[in-house]
Amino acid sequence: MTPNVSTERHNWQHWQSSWDRQQEWYMPDREERFRVMIDTVEALTGRSPRVLDLACGTGSIADRLLRRLPDADVTCVDIDPLLLTIARGHFTGDTRVIFAEADLTDPAWTRRLPHASYDAVVTATALHWLDTEPLTRLYGTLAGLLREGGVFLNADHMKDESAPRINAALHTLHTERQRQQREKGSLDWADWWRDAARDPLLSDAASERFALLGDPRQPRAGAPRKDRPTATRWHLETLLAQGFGEARQVWCSASDALVAALR
Ligand SMILES: C[S@@+](CC[C@H](N)C(=O)[O-])C[C@H]1O[C@@H](n2cnc3c(N)ncnc32)[C@H](O)[C@@H]1O
């Protein structure tokens, strides 16, 4: 039977959008940080950069970047078979996008990339998964992967820890808004994975994902979080120590920041 291309495209778009809504429940200002991220890429590397989307997930940043900078090309790298399946489906036929499957904690992960050097490396809501030591090593690797004058942008959970009462008040407001949105049907992380695993289009990739990385549908065990940096200052100082020439915050919310580092 001939596959129905338009239905398939519709399904990938459905999963891409559903992922975005789920992420926005955690980060209502997600598009705003992407906008500043892409502005910074353009300002520092022009309108046709070679970009690495690190821990790309379903490819949301690559999607926004290519809409704004259609002459760019993007390498999307991630470890998750299901999220990569959605990303590959979403970009079917787009020769500007290349995929690589890699574990960023593997010291040899850059061997999986199609290029030796990039103008920009972008990432969002991902590197907080790494402990201090592998993250420090990764920052050094990225400094080596960028050409001189190239830029690294990381949007993630990190904050100014010098204002705990302000942070706490904003956190309380955000949590209350999340609660209200849940009542209206917003999906959280576990719900999203439950829905994705039920779709026959994704069920093989879901099994592979659960075997490789665990099952996000289960409530998280109460294991203490390991040694993970949360202060924006830590990121800026570490980037400078790992070979970047300049580093600064270019956007922030109460709980998250976007840092830019220049080679
Ligand atoms: C919350 S998602 C964010 C995805 C995407 N950047 C976005 O903003 O939608 C975190 C991503 O980090 C990826 N990731 C986590 N640890 C990784 C590792 N060690 N190597 C490669 N990717 C990893 C996950 O598979 C997932 O796609």
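Atoms within a ligand are numbered from 1 in the order they appear, just like the ligands themselves. Given the structure is predicted, the values throughout are model-derived calculations rather than measurements.
Shown here are the ring-ring contact (aromatic ring centres under 6.0 Å, His included) partners of Tyr118, two or more places apart in sequence or in another chain: His115. Every ring-ring contact (aromatic ring centres under 6.0 Å, His included) that His157 has, sequence neighbours left out, goes to His128.
For atom 21 (C) of ligand 1, the nearest non-hydrogen atom from the set Ala102, Ala100, Cys56, Pro81 comes from Ala102. For the residues His128, Arg30, Gln23, the heavy atom positioned nearest atom 9 (O) of ligand 1 is part of Arg30.
Here the two rings, on Phe152 and Tyr139, have centers that are under 6.0 Å apart.
Of all protein heavy atoms, the one closest to atom 4 (C) of ligand 1 is Ala55 O, 3.5 Å. Nearest to atom 19 (N) of ligand 1 among the protein's heavy atoms is Asp103 OD1, 2.9 Å. Scanning the protein for heavy atoms near atom 1 (C) of ligand 1, the closest one is Thr125 O, 3.2 Å.
The N/O atoms of Phe34, backbone and side chain alike, include none that comes under 3.5 Å of an N/O atom in ligand 1.
Cation-pi geometry between Arg30 and Trp25 is not met: the NZ or CZ atom fails to fall both under 6.0 Å from the ring centre and inside 45° of the normal.
Heavy-atom contacts of Leu83 reach the following atoms of ligand 1: 26 (C), 27 (O) (cutoff under 4.0 Å). Taking a cut-off of under 4.0 Å to the non-hydrogen atoms of Gly57, the atoms of ligand 1 that pass are 4 (C), 27 (O).
Residues Phe91 and Asp63 approach most closely at CZ-N, 3.6 Å, considering heavy atoms. Closest heavy-atom contact between Gly59 and Ala87: N-CB, 4.1 Å.
Between Asp160 and Arg233 there is no salt bridge, since none of the side-chain N atoms of the basic residue sits less than 4.0 Å from a carboxylate O of the acidic one.
Within the 4.0 Å heavy-atom shell around ligand 1 one finds Trp19. Residue contacts with ligand 1: Gly59 is excluded, as none of its non-hydrogen atoms falls under 4.0 Å.
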